[in-house]
Amino acid sequence: VLLALFFGRPLIALLFQRGAFTAEDTTSVYLVLLGYLPGAWPYVFSDLFSKYYVSLKKYKIINLVNGIGYGISLAIIYPAALLFGAPGISLSFSLAQVVIFAGFVWCFARREGGGSVQHYLAEFATPKDLAPSLVLLGALVVWRLVFGEPGPWAALFLAAGFFGLYCLLLLAFRVRV
């Protein structure tokens with residue numbers, strides 16, 4: 001997600017900007033993809049919660065939480081599209097993923113004895129687990145501030161290099177994947 005945020009535009013240009021696909025098209029696609037980024041991690045975690053509830057045969061919880069999340073998304077998709085265009089549509093789906101994740105966390109906290117949601121989230125992701133992502137974010141921000149946006153081919157190699165750095169950070173912090 002961080003690599004797409006920092007190197008998305010030049011990577012899209014590298015892949016698609018060959019003739020009929022203009023720089024304006026690259027920017028449009030990049031803005032739509034940016035709208036999906038806030039919902040990326042909530043989607044991954046919601047998928048884990050879905051598998052947990054499937055293993056318990058608690059299909060009503062899955063359907064209810066997903067129904068509420070996507071219902072909210074459908075309720076705001078048209079106004080978001082009017083306000084922001086195509087990026088508004090992707091933002092509404094990101095909002096759905098955030099709502100779904102929050103719903104699963106709330107249901108999980110209630111099921112596991114009524115502990116606070118913060119208690120379960122603290123067990124779910126410790127500061128040590130977040131450290132590699134924070135270090136990567138810092139490195140990407142410094143890179144962008146010092147060097148700016150790279151060209152398409154440089155972005156490809158930088159994305160690969162930063163991904164390698166992230167893998168090394170996961171090993172260094174002994175984060176279980």
Side-chain angles (χ1 to χ4, degrees), residues 1-18 21 23-52 65 69 73 80 84-106 108-109 116-177:
V1 169
L2 291 174
L3 292 174
L5 180 64
F6 283 91
F7 299 127
R9 187 187 326 258
L11 291 175
I12 292 167
L14 176 68
L15 294 172
F16 299 110
Q17 198 168 317
R18 302 175 187 270
F21 208 84
E24 185 178 305
D25 296 329
T26 297
T27 300
S28 297
V29 169
Y30 178 66
L31 291 174
V32 169
L33 292 176
L34 281 181
Y36 285 114
L37 290 180
W41 283 114
Y43 172 78
V44 169
F45 295 132
S46 296
D47 188 52
L48 295 173
F49 277 113
S50 290
K51 288 177 171 76
Y52 169 74
V65 169
S73 174
F84 304 112
I89 295 170
S90 56
L91 273 172
S92 69
F93 284 110
S94 280
L95 175 65
Q97 294 308 319
V98 171
V99 169
I100 290 168
F101 174 61
F104 279 135
V105 168
W106 183 76
F108 183 77
S116 71
V117 171
Q118 292 86 359
H119 168 75
Y120 293 109
L121 286 177
E123 287 183 15
F124 193 63
T126 65
K128 181 189 83 148
D129 296 332
L130 298 175
S133 295
L134 293 174
V135 171
L136 179 63
L137 176 62
L140 287 167
V141 167
V142 168
W143 175 272
R144 193 67 183 263
L145 289 174
V146 173
F147 299 107
E149 185 173 81
W153 283 101
L156 179 65
F157 291 114
L158 285 168
F162 275 109
F163 182 72
L165 170 67
Y166 182 67
C167 291
L168 290 174
L169 290 169
L170 289 173
L171 291 172
F173 285 96
R174 295 186 177 136
V175 175
R176 292 176 294 146
V177 179

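Residue numbers count from 1 along this sequence.
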Hey, could you give me each pair passing salt bridge (Lys or Arg N to Asp or Glu O under 4.0 Å) that has a residue in residues 25-44? Not counting sequence neighbours.
none
Using a 4.5 Å cut-off on heavy atoms from C-beta on, say whether the side chain of Tyr166 contacts that of Ser133.
yes
State the CH2-CZ distance between Trp143 and Phe7, to the nearest 0.5 angstrom.
7.0 Å
Which pairs of donor and acceptor atoms, one on a side chain in residues 94-105, lie under 3.5 Å apart (sequence neighbours left out)?
from  : atom 1 : to    : atom 2 : distance (Å)
Ser94 : OG     : Gly35 : O      : 2.6
Ser94 : OG     : Tyr36 : O      : 3.2
Ser94 : OG     : Gly39 : N      : 3.1
Gln97 : NE2    : Tyr70 : OH     : 2.6

Please name the pair of heavy atoms, one in Pro38 and one in Pro42, separated by the smallest distance, quoted to 0.1 Å.
O-CD, 3.4 Å
Any heavy-atom pair between the side chains of Leu33 and Ile12 that's under 4.5 Å?
yes
If you count the non-hydrogen atoms of other residues, nucleotides and ligands that lie under 6.0 Å from OH in Tyr43, is the total more than 12?
no
Nearest heavy-atom contact between Ser73 and Ser92 is OG-O, 3.1 Å
Heavy atoms of other groups near Phe16 CZ, more than 12 under 6.0 Å:
no
What verdict does the side-chain contact (heavy atoms from CB on, under 4.5 Å) test give for Leu137 and Phe6, after you've listed the backbone C-alpha separation in whole Å, the side-chain angles of each residue and the deciding distance to 0.1 Å?
CA-CA 9 Å; Leu137 176 62; Phe6 283 91; 3.9 Å; yes
Of all heavy-atom pairs between Pro87 and Val32, which one has the smallest distance, and what is that distance?
N-CG2, 4.0 Å
In Å, rounded to the nearest 0.5 Å, how long is the span from CG of Leu136 to CG of Leu168?
11.5 Å
Quick one: do the Arg9 and Thr26 side chains pair a donor with an acceptor below 3.5 Å?
no
How close do Ala159 and Leu11 get, counting heavy atoms only, and between which atoms?
CB-CD1, 4.3 Å
Return the CG to CG distance between Leu158 and Leu165, rounded to the nearest 0.5 Å.
11.5 Å
Calculate, to the nearest 0.5 Å, the distance between atoms CG and CZ belonging to Leu134 and Phe173 respectively.
9.0 Å
